[in-house]
Amino acid sequence: MRYRFVQLQQLVEQLRERDIHFVILNLGIDTRTPTSKFFLTVMAVAFSELDSEMIKEKQHSGIKLGKQNGNIEEELKKYI
């Protein structure tokens with residue numbers, strides 16, 4: 001999660017150094033303003049967290065399905 005957020009920050013900074021501003025027109029985000037930088041940061045963190053939670057949900061669903069099918073119990077015991 002943190003890795004993607006850092007990548008976004010680095011990209012925006014690299015663009016800024018080249019006097020290129022990151023703008024999301026339909027959301028009104030323009031990294032030339034402090035408020036837009038804040039919202040971009042909040043969105044990046046929120047999307048990263050959402051992605052992480054969705055991965056966890058898929059993992060838990062897979063484990064549950066594996067247990068129902070009876071083919072994961074022994075493998076699961078190795079890691080618990």
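- A donor-acceptor contact shorter than 3.5 Å is absent between the side chain of Ser52 and the backbone of Ser48.
- Linking ILVMFWY residues whenever their side-chain heavy atoms come closer than 4.5 Å, directly or via other members, leaves Ile55 and Leu50 in distinct clusters.
- Glu13 is not listed as a side-chain neighbour of Gln10, based on a closest heavy-atom distance of 4.5 Å or more.
- Side-chain contact check for Leu25 versus Asp30: every heavy-atom pair is 4.5 Å or farther apart.
- Within the 4.5 Å cutoff, the side chain of Met43 has heavy atoms near those of the Leu27 side chain.
- Val12 is connected to Phe47 through a chain of hydrophobic side-chain contacts under 4.5 Å among Ile, Leu, Val, Met, Phe, Trp and Tyr, so both are in one cluster.
- Using modelled atom types, no side-chain atom of Ser36 and backbone atom of Ile29 make a donor-acceptor pair closer than 3.5 Å.
- Note that CD of Gln14 and CD1 of Ile20 are 10.5 Å apart. Values are rounded to the nearest 0.5 Å.
- Taking 4.5 Å as the limit, every side-chain heavy atom of Thr33 sits out of range of all side-chain heavy atoms of Thr31.
- One distance of note links NZ of Lys58 with CE of Met54; it measures 5.5 Å at 0.5 Å rounding.
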